[in-house]
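One structure is given below, encoded as structure tokens.
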Amino acid sequence: AMLRLRLLTWDVKDTLLRLRQPVGQSYAAEARAQGLQVQPEALGRCFREVYRAQSRRFPNYGHGQGLSSRQWWLDVVKQSFRLSGVQDEAALTKLAEKLYRDYCSSNTWELLPGAAETLGRCRQLGFRMGVVSNFDRRLEAILSQCNLRHHFEFVLTSEAAGFAKPDGRIFEQALRLGGARPEQAAHIGDDYSRDYRAARAAGMHSFLLRAAGQAEGPEVPPEHVLPTLSHLLARIEK
């Protein structure tokens with residue numbers, strides 16, 4: 001069946017871009033550069049614990065609770081190091097500010113296989129394109145640094161929208177920005193509930209990027225699954 005799509009919206013992290021190395025490793029490397037020894041594995045565990053707690057306490061980067069996303073992240077970084085045994089507050093501040101900047105850089109991120117080619121081809125085919133991502137204000141800079149920004153008419157972060165996926169209101173904003181009705185739009189992402197199911201609940205089409213060997217999640221019709229980004233064109237060009 002012909003989908004008659006006009007608009008494609010994209011998740012970013014682990015869909016188009018991924019971290020070159022685990023958070024624990026990059027945090028530990030920066031600590032070493034400042035003369036501090038911290039175990040990357042322990043630091044990674046501490047980070048995950050702190051990130052989860054901070055996300056519960058201050059959802060969507062503290063939007064509506066008076067926090068800036070920058071302050072939200074500086075707190076996460078400092079707290080992760082504190083939990084890993086670093087007590088020097090001056091060092092923690094320096095580390096947090098340096099890492100906040102580093103995560104804007106293309107040294108930190110790499111493209112997933114097929115990302116640039118697939119985006120370029122989708123644009124050639126005349127699709128309107130936008131980003132819908134649970135990310136903070138740094139995303140514009142990251143996409144520019146990684147030479148992807150020019151593919152998109154808009155970049156809608158949860159920080160800017162005021163809502164995070166799976167909340168349908170972020171998809172409603174994206175449809176307005178992209179000038180499309182839900183049935184004319186498809187969302188591409190790697191997360192079953194935040195990307196695949198949430199976009200469908202908003203009346204859109206969606207495709208789930210699910211790499212081989214990934215733990216099988218809930219059942220998804222095979223024609224909605226993308227083993228790689230390059231599989232998208234065959235699904236939408238019919």
Side-chain angles (χ1 to χ4, degrees), residues 6-23 25-27 29-30 33 47 51 60-63 67-74 76-77 94-165 170-171 173-180 185-191 194-195 199 207 209 226 228-230 232-233:
R6 293 182 54 193
L7 171 69
L8 300 177
T9 63
W10 296 81
D11 172 54
V12 175
K13 186 174 181 292
D14 297 326
T15 298
L16 296 172
L17 294 175
R18 63 186 171 203
L19 292 172
R20 289 180 187 269
Q21 52 177 3
V23 170
Q25 278 181 27
S26 52
Y27 280 27
E30 190 48 55
F47 168 79
Y51 179 89
N60 197 15
Y61 311 107
H63 180 96
L67 268 190
S68 69
S69 57
R70 183 173 179 276
Q71 194 54 55
W72 192 97
W73 274 113
L74 294 178
V76 166
V77 178
K94 208 172 141 194
L95 272 172
E97 287 175 352
K98 175 78 164 65
L99 283 162
Y100 181 80
R101 286 196 305 274
D102 283 353
Y103 272 72
C104 263
S105 140
S106 55
N107 301 330
T108 303
W109 299 92
E110 62 185 8
L111 273 68
L112 267 83
E117 299 76 2
T118 302
L119 291 172
R121 186 83 185 100
C122 288
R123 265 178 71 222
Q124 278 172 352
L125 290 167
F127 291 107
R128 303 185 71 169
M129 306 240 283
V131 159
V132 179
S133 170
N134 287 358
F135 217 99
D136 63 78
R137 64 184 70 239
R138 290 174 296 177
L139 190 56
E140 289 268 3
I142 292 166
L143 290 166
S144 297
Q145 282 267 326
C146 297
N147 197 25
L148 293 181
R149 177 63 187 90
H150 63 282
H151 291 297
F152 303 108
E153 287 184 34
F154 62 86
V155 173
L156 183 60
T157 62
S158 58
E159 180 176 13
F163 307 106
K165 301 179 295 189
I170 193 171
F171 289 105
Q173 282 189 38
L175 291 166
R176 279 200 297 279
L177 288 168
H187 180 69
I188 299 101
D190 70 304
D191 187 281
R194 287 193 291 266
D195 291 311
F207 296 97
L209 182 65
L226 307 176
T228 73
L229 287 174
S230 308
L232 178 66
L233 294 161

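Within the 4.5 Å cutoff, the side chain of L111 has heavy atoms near those of the L148 side chain. With contacts defined as side-chain heavy-atom distances shorter than 4.5 Å, the pair T108/S26 does not qualify. Between L16 and L112, the closest side-chain pair of non-hydrogen atoms is not below 4.5 Å. Here the side chains of F163 and N134 are not in contact, with every heavy-atom distance at 4.5 Å or above.
For Y51, the ring pair (Phe, Tyr, Trp, His ring centres under 6.0 Å) criterion is met by F47, W72, W73, not counting sequence neighbours. Under the salt bridge (Lys or Arg N to Asp or Glu O under 4.0 Å) criterion, R137 pairs with E159, not counting sequence neighbours.
The cationic atom of R70 (NZ for Lys, CZ for Arg) lies less than 6.0 Å from the six-membered ring centre of Y100 and within 45° of the ring axis. For the pair R176 and F154, the cation-pi test (distance below 6.0 Å, angle within 45°) is failed.
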Exercise. Mind running side-chain contact (heavy atoms from CB on, under 4.5 Å) on R18 and K13 for me, showing each step along the way?
Key: CA-CA 6 Å; R18 63 186 171 203; K13 186 174 181 292; over 6 Å; no

Exercise. Just do the side-chain contact (heavy atoms from CB on, under 4.5 Å) check on T228 and T118 with the steps written out, would you?
Key: CA-CA 10 Å; T228 73; T118 302; over 6 Å; no

Quiz item: Can you check side-chain contact (heavy atoms from CB on, under 4.5 Å) on E97 and L74, steps first, answer last?
Solution: CA-CA 7 Å; E97 287 175 352; L74 294 178; 3.9 Å; yes

Quiz item: How far apart are the C-alpha atoms of W109 and L143, what are their side-chain angles, what is the distance that settles it, and do they pass the side-chain contact (heavy atoms from CB on, under 4.5 Å) test?
Solution: CA-CA 10 Å; W109 299 92; L143 290 166; over 6 Å; no

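Salt bridge present: D11 and K165 bring a charged side-chain N and a carboxylate O closer than 4.0 Å.
Residues N60 and S158 have side chains that bring a donor and an acceptor to within less than 3.5 angstrom of each other. Using a 3.5 Å distance cut-off with no hydrogens or angles, the side chains of H187 and D195 do pair a donor with an acceptor.
Rounded to the nearest 0.5 Å, atoms CZ (R123) and NE2 (H151) are 6.0 Å apart. Distance check, rounded to the nearest 0.5 Å: CG of L119 to CH2 of W10 gives 5.0 Å. Distance check, rounded to the nearest 0.5 Å: CZ of F207 to CG of D190 gives 15.5 Å. Annotation: the span from E153 atom CD to L177 atom CG amounts to 9.5 Å, rounded to 0.5 Å. One finds the SG atom of C146 at 4.5 Å from the CG atom of L17 (value rounded to the nearest 0.5 Å).
Listed for the R6 side chain is no donor-acceptor partner under 3.5 Å among the backbone atoms of G178.
Other residues, nucleotides and ligands contribute only 12 or fewer heavy atoms inside 6.0 Å of the CZ atom of R194.
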